[in-house]
Amino acid sequence: IRANVYALFMNINHSLLCSPVVHPEKLQTLKYLFTEFQHLSHRIHFGVGGNKVNFSPYKSRADRDNKLDTMPINAAEFVSNSLFAIMNCCFPTATCVGSQLHSRWLSLTSKGAFKPNNCIQPRAISALGTICRDSSLVTDELIGKLLRLLRESLLDKDISDDYPISIINCLSHLFEYMDPSSKYYDHFFWICMSLCQLHNPKIFAPSVQLLHSVIQVLFRNDAFKGVGMSAYFLNSRKGKLEPMLNKIDEVSGLSFKHNFSFAVAGHLLKGLRNSATKAATTRLLTDIIDSNCESNPSLILGYLAALMPLSGDDVTSNLRQIVVQSSGEAGSQSLFNSTLVPDKTNGALLFTFLATVLKNSDIGHEQLFVYRTFEEGVNFMPKIFPITFEVLTKKMEQVLSSAQNMDIMSSVLSIMDSIYQHKLDSTNAVPDSTLKKYLTSVGFSGLSESDNFHASQNPVVTPIVISVLETALLDP
């Protein structure tokens, strides 16, 4: 079936090339597409061309089907994009949107998207996000229908992940065309952050993409200009969503009200530790750094703490410039300075976040960055430093016993020297339990466990996320 569908797709493409239907000015574009679609990188999205699809037709159906990979739901989006690109070549305007052909396609796709069918519905929803590329098509009615479907998909424990994934992917394409006056517009950031708190890597990936789309669109519309990202989103939090959002903050142990940047970074940290979502999460954090419009550098400390260990010594020029300017020292890349860390709350959060990064890190440049930052931090804010001991003492023991990296060894020895110098190993030090209570008091009791997906928390988190969606659907 897959091979026949791909053959039909290519035959349609070829037939159009040989017909007067294609607009003369777009004939060259269609020829290019025809060549591109023949490449393996395109064929695999149709489920053909891989090693596992070369089977004999004379084998039994069961033997043949077992050799086929299950197609990811994202493949449907690629196929609809390809069809959309071909259809665009048949019209003199930039896109086919508004044409009779497009309207017919949209009508059929909409029927499939909102009619229960385990096979067709998720794929139709994915296609809907591709072909509704016009502000006249993205109405509150459409967004409301999709949010209701998303709520229903999260309520049904037996439903395939393809449903929420396709809906979230669809919304990530549609948000760009939403009217800013829409009743859903200001809620989308908090819907995204709520979805990111579901402990499901498959749902986390499209949720990050949706969050990225929301932030890019709002930045282009100058939403953060003059107020900053954190103030804008905290203001949009007020109202009907706030009780549910406060509840999910309490469950996760990451409080947006106490520190917006560390709450965002804490929820995204598990994405940075997962190979399947690391690249998308890194791009999102990089864009947040570039578009936050914050006037106070301490308001972006959480994002810097998440990104800089990934960069190691090869810190991007933008991050380096932010840190150097805030430190007031030429060439200094220390996160521990009075501008970025103006109080003990920021210090405690930075120490805890970096210790959490270090806890499961097996990448040399990440570890070296954290140790060197701790070298500076233990002297900058020694009273708060013991908050790292639960993780740090075990990691330093490992370094001293293995001694594989001399730079890390040197940094660890320097940290130990500072610990003894400030008498942090004695009764003079603030007890670790006291520091943990302080972390709880500022709303970040869950920060030290934010680096992994914890499926056991889903029974508690999912009902709250569903409540967020239900409240967003209510009239203002």
Side-chain angles (χ1 to χ4, degrees), residues 70 72-75 77 122 125-126 129 146-147 149-151 153-157 159-173 175 187-216 233 244-245 248-249 251-254 256 261-288 302-303 306-307 310 353 356-357 359-361 446-469 472:
T70 301
I73 189 62
N74 295 339
E77 191 174 300
I125 292 169
S126 290
L146 290 169
L147 290 177
L149 279 178
L150 181 57
R151 179 194 61 193
S153 70
L154 295 177
L155 275 169
D156 191 342
K157 297 178 181 179
I159 204 166
S160 166
D161 284 338
D162 282 355
Y163 275 88
I165 290 171
S166 62
I167 297 165
I168 296 168
N169 280 336
C170 178
L171 289 170
S172 69
H173 293 300
F175 186 79
H187 298 324
F188 253 85
F189 173 82
W190 295 109
I191 291 173
C192 297
M193 287 309 311
S194 299
L195 291 169
C196 285
Q197 294 178 59
L198 293 171
H199 292 269
N200 185 335
K202 291 182 180 179
I203 294 178
F204 183 85
S207 300
V208 165
Q209 183 57 50
L210 175 56
L211 182 58
H212 201 165
S213 298
V214 169
I215 288 173
Q216 285 181 321
F233 285 132
M244 275 69 66
L245 296 174
I248 202 170
D249 283 2
V251 170
S252 66
L254 299 172
F256 284 91
S261 70
F262 272 106
V264 172
H267 286 305
L268 296 180
L269 181 57
K270 56 184 177 288
L272 293 174
R273 311 316 293 174
N274 187 294
S275 59
T277 55
K278 183 175 181 178
T281 309
T282 302
R283 286 194 298 270
L284 169 59
L285 282 165
T286 303
D287 258 20
I288 290 176
Y303 316 134
L307 278 177
L310 296 176
F353 191 92
T356 306
V357 170
K359 183 169 58 177
N360 293 315
S361 176
L447 186 57
S448 61
E449 299 297 328
S450 63
D451 59 331
N452 284 307
F453 291 93
H454 302 285
S456 59
Q457 292 187 17
N458 278 331
V460 179
V461 175
T462 303
I464 306 175
V465 175
I466 292 169
S467 296
V468 171
L469 291 171

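Quick caveat: nothing in here was measured; it's all calculated off a predicted structure.
Here the closest non-hydrogen pair linking G302 and S261 is N-OG, 3.1 Å. Between P463 and N458 the shortest heavy-atom distance is CD-O, 3.9 Å. When all heavy atoms of L154 and I203 are compared, the closest pair comes out as CD2-CD1, 4.4 Å. Looking at every heavy atom in both residues, I125 comes nearest to S166 through CG2-O, 3.6 Å. Residue F453 comes nearest to N200 through the heavy atom pair CD2-N, 3.8 Å, listed as atom of the first residue, atom of the second, then distance. For I159 against S153, the heavy-atom pair with the smallest separation is CG2-O, 3.1 Å.
Distance alone, capped at 3.5 Å, is enough to place a donor-acceptor pair between the K359 side chain and the S448 backbone. At least one donor-acceptor pair closer than 3.5 Å links the side chain of W190 to the backbone N or O of F233. Using a distance-only test at 3.5 Å, with no hydrogens or angles considered, no donor-acceptor pair links the side chain of H199 to the main chain of A455. Of the possible donor and acceptor atoms, one in the side chain of K270 sits under 3.5 Å from a partner among the backbone N and O of C196. With hydrogens and angles disregarded, no donor-acceptor distance shorter than 3.5 Å links the side chain of T462 to the backbone of P459. Without hydrogens or angle criteria, H454 side chain to E449 main chain gives a donor-acceptor distance under 3.5 Å.
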**Asked** Between F204 and L195, is a side chain to side chain contact (heavy atoms under 4.5 Å, CB included) present by the stated rule, with each step listed?
**Response** CA-CA 7 Å; F204 183 85; L195 291 169; over 6 Å; no
**Prompt:** Would V465 and I248 count as a side chain to side chain contact (heavy atoms under 4.5 Å, CB included) if you check the C-alpha gap in whole Å, the side-chain angles of each, and the deciding distance to 0.1 Å?
**Reply:** CA-CA 8 Å; V465 175; I248 202 170; 3.8 Å; yes
**Prompt:** For N360 and D451, what are the C-alpha separation, side-chain angles and deciding distance, and is it a side chain to side chain donor-acceptor pair (under 3.5 Å)?
**Reply:** CA-CA 8 Å; N360 293 315; D451 59 331; 2.8 Å; yes
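No side-chain heavy atom of L254 sits under 4.5 Å from any side-chain heavy atom of F262. The closest side-chain heavy-atom distance from V264 to F256 is below 4.5 Å. Contact annotation: the side chain of L149 never approaches that of Y163 to less than 4.5 Å [non-hydrogen atoms, C-beta and beyond]. Two residues are said to be in side-chain contact when any heavy atoms from C-beta on lie closer than 4.5 Å; D161 and I73 fail this criterion. Counting heavy atoms from C-beta on, the side chains of L245 and V468 come closer than 4.5 Å. Side-chain contact between L171 and L147 is present, with at least one heavy-atom pair separated by less than 4.5 Å. Within the 4.5 Å cutoff, no side-chain heavy atoms of S194 are placed close to those of M244. Counting heavy atoms from C-beta on, the side chains of H267 and S450 never come closer than 4.5 Å.
With respect to V208, the side-chain contact (heavy atoms from CB on, under 4.5 Å) criterion is satisfied by exactly one of T282, T277, L268, I168: L268.
The distance from the CG atom of L210 to the SG atom of C192 is 3.5 Å, given to the nearest 0.5 Å. Atom NE2 of H173 is separated from atom OG of S213 by 7.5 Å, given to the nearest 0.5 angstrom. In this structure, CD in Q197 is found 4.5 Å from OG in S252, a value given to the nearest 0.5 Å. How far OG of S172 is from CD of Q209: 5.5 Å, rounded to the nearest 0.5 Å. Taking CG of L198 as the reference point, atom OG of S207 lies at 7.0 Å (rounded to 0.5 Å). Distance check, rounded to the nearest 0.5 Å: CG of N274 to CG of N452 gives 9.0 Å.
Ring orientation note: the planes of F188 and F175 are tilted relative to one another, at an angle of 30° to 60°.
Using a 3.5 Å distance cut-off with no hydrogens or angles, the side chains of N169 and N74 do pair a donor with an acceptor.
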